[in-house]
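Inspection log for the structure reproduced underneath, given as structure tokens.
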Amino acid sequence: MPKFYLTTPIYYANSRPHVGSAYTTIVCDVIARYKRMCGYEVAYLTGTDEHGVNIERAAEKLGITPAELVDRNQQIFRDLWKLLGIQHTHFIRTTSAEHARAVQTLVRRTMARTPDAIYKARYEGRYCVHDNLYVSDSSEPANCPLCGRPAELISEENYFFRLSAYQGKLLALYRDHPEFVQPDFRMNEVRSFVEAGLKDVSISRRSIKWGIPWPDDPEHVFYVWYDALTSYLSGIGFGQGEGGEANPSFKKFWPANLHMIGKEIIRFHAVYWPAFLMAAELPLPEKIFAHGWLLFEQEKMSKSKGNVAYPEPIVKALDELTGAKVGNDALRYYLLRETVFGQDGNFSRDALLTRYNADLANGLGNLASRVLTMIENYCEGIIPDPGNATVPLRIHELASQPHRDAILSSYENFEFSDALTVTWAAVELVDKYLVEEKPWVLAQKTENRKQLEQVLYSAMESLRIVCALAHPVAPESTQRIWSQMGLQGALADVRINQLQWGDFKPGTRIGKPEAVFPRVDKKEAWERIEAMENEIRNPAGAAPKPAAEPAAGAKIAIEDFAKIELRVGVVKSAERIPGADKLLKLLVDIGEEVRQVLAGIALAYAPEELIGRKVVIVANLAPRKMRGLESNGMLLAASADADGKPVLCTFAEDIPAGSKVK
RNA sequence: GCCGGCGUAGCUCAGUGGCAGAGCGAGGGUCUCAUAAUCCCUAGGCCGUGGGUUCGAUUCCCCCCGCCGGCACCA
């Protein structure tokens, strides 16, 4: 039996999952179910990334230990996956003993096989706590390229991975396997990133405790990305025996056929990860697919905007309002149907409810209902024998092998929207067919019996095939229709690539027809979802959160603050810098001198409107060069979140330039 | 600034060198097996602007405008 091994990212367990994580996981589940129906033995790994400063700090805030925090959060992930019908076969926690062993085994193996791949050196630089990312930018101050938050300054002895040595090998990999990264435009982005040159990366930390200890050097703890990526190995059994490959499950499933990720973490998967594996002399995964983001009502979801959507309210609200278990399939269908996979997509409750009523309730659900009712009423609930009547041409087209194969090929290429569009075209066609043939009229006269039976058989057989083709996306409801049609066993066991017209056995006794997708009132559903979302955002009894998240982490002493010299400055001149989008060159009078300060505020402020304004300057910041120009100081500005435009600090009353701010 | 993509009916998007399409929404009609479901008809849209190639361009090329992504850069 051929194998297929796919993974979701190992989700960071510092908070609960939103629809974005659910999206990735659902997509993988659809692929996993599809592959199983094609006869593959599937290993499907997901899990939680439970180490790092962020977890430490989040736990500290709640007054619990990191272990307690991640225990709690990983359970929320598991519960959600259960609610969404996710059939993962493996779940890895990075705090588990077997994972720790795997990480240590991997690094030992690497040092044994490629002795110069890992070395110890002093790291002085910036680290983004939020994204667990070392910021390679050597300028000062540095900010995280992912989230834009200021990176924290750290200086410590670290183990480094010699990524710089892998530029040529990675480029060769991309050249020989252009399918390695998908979609293709991502491959191009990755390639140009690597062509621009690679720096070595730190893969250990000394300053934190909450991590996996470095073998024979327990002062060090593994860098979170090295730790987390290794989950793809440990999750299926790596880490046993000499070299780590003794486990039969690992032998069977590695290398992964697919790492499904969001586009924001492509660099780690398409650059770091293959380099880590090359150094360890392990086979590389076959494919990295980076999908787009799910925007919420056209905006990027972000906690600070308060527009994070969670999956649970949608699923539960639909289940409650319909009195049927439909929410999960509705969400899955919507996510895969509405967006072009790979691109950014929009998540809109209104569109979801529209899709539910139009495609699921009025479409598939109603078709099942009308066909089953007619079998019940006109054929005593027994599937009729069509004899050797030819299949009506148009129906036959949709049920034919080329058509089936077109849908399967869409699944194969992760073109879920296409697969569903074509599958649902079959639903429409059968509806049309019924209107044309009018079985309810045929049933009036006994001489039409043969034709009636042929029509109803064709409709049932089409419905059977549609259910099978839609099963990976809508597993629960298609199974329910399957059972109502009198078909035995699990639809999941059907070999989707061997579907044949005519396999529906005449004489089958159907089950009791029952609405699979009851219609919902959109307004009512919308309000119910909204209410449940608010419940999650602001749990009853919980104190409302302060609007601005306090700078994560430990308090500083007054002496620390005293090191910072803040002064009032007056902007004397301001001009754009050629070649820079965001940067302005300012001359600022701070009393005893006029300083040249560069500030990244060009998107928010026109140069001319700044002249004469009183601003706050960090006066004792070390000079730094940007775009070839020296900056002597830093302008203070506030921004709502990572994407927000900066707003300058200013004064309501008058105050002379040079005054100290404290 | 560099690289890439996009700009088509109210909305979401397909699409091809030669009569501009689908779904949703809206309007009208129809059937009655069905979940007030199905099915049929109806949108006269400068296919972003301006040039060019061509017998002919929405589809090929160039400029411009607007939007988006990656890199660089940045609070």
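For clarity, every value in this text was computed on a predicted model and none was experimentally measured.
- The distance from atom CG of A:D359 to atom P of B:rU38 is 11 Å, rounded to the nearest whole Å.
- Between A:A515 and A:K522, the residue anchored nearer the 5' end of RNA chain B, judged by the nucleotide with its closest heavy atom, is A:K522.
- Nucleotides B:rG48 and B:rU12 are separated by 15 Å at their P atoms, to the nearest Å.
- Just one residue in the list A:Y23, A:F347, A:Y356 forms a ring-ring contact (aromatic ring centres under 6.0 Å, His included) with A:Y334, and that residue is A:F347.
- For the pair A:Y334 OH and B:rG23 P, the computed distance is 19 Å after rounding to whole Å.
- Of the candidate nucleotides B:rC39, B:rU35, B:rC33, B:rC39 has the atom lying nearest to any side-chain atom of A:E428.
- Using a 4.5 Å heavy-atom threshold, the side chains of A:S477 and A:Y333 count as separate.
- One atom, OH of A:Y356, and another, C1' of B:rA37, lie 13 Å apart when rounded to the nearest Å.
- Using a 4.0 Å heavy-atom criterion, one finds that A:V516 contacts the bases of the nucleic acid, with or without backbone contacts as well.
- Taking atom C1' in both B:rC2 and B:rA9, one finds a spacing of 37 Å when rounded to whole Å.
- Ring orientation note: the planes of A:F414 and A:F341 are nearly perpendicular, at an angle over 60° on the 30°/60° scale.
- With rounding to whole Å, A:F517 atom CZ is found 20 Å from B:rA36 atom C1'.
- Relative to the side chain of A:D431, the nucleotides B:rU38, B:rC71, B:rU32 differ in distance, and B:rU38 lies closest.
- Where RNA chain B pairs in unbroken runs of 3 or more (Watson-Crick or G-U, both distances under 3.5 Å), the stems are B:1-7 with B:65-71, B:10-13 with B:21-24, B:26-29 with B:39-42, B:50-52 with B:60-62.
- In this structure, A:M485 places its CE atom 19 Å from P of B:rA34, rounding to the nearest Å.
- For A:T354, counting side-chain heavy atoms from C-beta on, the closest listed nucleotide (B:rG23, B:rU35, B:rC24) is B:rC24.
- Set against B:rC33, B:rC40, B:rC24, the side chain of A:T373 has B:rC33 as its closest nucleotide.
- Put simply, OH on A:Y433 is 19 Å from C1' on B:rC40, counting in whole angstrom units.
- For the pair A:Q484 (side chain) and A:E514 (backbone), a donor-acceptor distance under 3.5 Å is present.
- Using a 4.5 Å heavy-atom cutoff, the side chains of A:V27 and A:H291 are not in contact.
- With A:D418 contributing its side chain and A:I407 its backbone, the two residues share no donor-acceptor pair below 3.5 Å.
- Taking 4.0 angstrom as the limit, A:R370 places none of its side-chain polar atoms (N or O) nearer than this to OP1 or OP2 of B:rU32.
- Both A:F185 and A:P518 lie close to RNA chain B; mapped to their nearest nucleotides by heavy-atom distance, the more 5′-ward contact belongs to A:F185.
- The side chain of A:R186 places no N or O atom within less than 4.0 Å of a non-bridging phosphate oxygen (OP1 or OP2) of B:rG70.
- The side-chain heavy atoms of A:L335 and A:F416, taken from C-beta on, include no pair separated by under 4.5 Å.
- Set against B:rU32, B:rC40, B:rU38, the side chain of A:K432 has B:rC40 as its closest nucleotide.
- Regarding A:L360, its CG atom lies at a distance of 13 Å from the P atom of B:rU38, rounded to whole Å.
- In this structure, A:R191 places its CZ atom 17 Å from C1' of B:rG69, rounding to the nearest Å.
- Remark: the separation of the C1' atoms in B:rG29 and B:rU53 is 49 Å, to the nearest Å.
- Counting any heavy atom pair closer than 4.0 Å across all strands shown, A:Y378 reaches sugar-phosphate atoms only and no base atom.
- Just one of A:P384, A:P439, A:P386 meets the side-chain contact (heavy atoms from CB on, under 4.5 Å) condition when paired with A:V455; it is A:P439.
- The listed nucleotides are B:rG69, B:rU35, B:rU32; the one nearest the side chain of A:N366 is B:rU35.
- In this structure, A:A361 reaches the bases: a heavy-atom distance under 4.0 Å links it to at least one base atom across the strands shown.
- Paired with A:R370 under the rule side-chain contact (heavy atoms from CB on, under 4.5 Å), one option of A:L434, A:I375, A:V430 passes, and it is A:L434.
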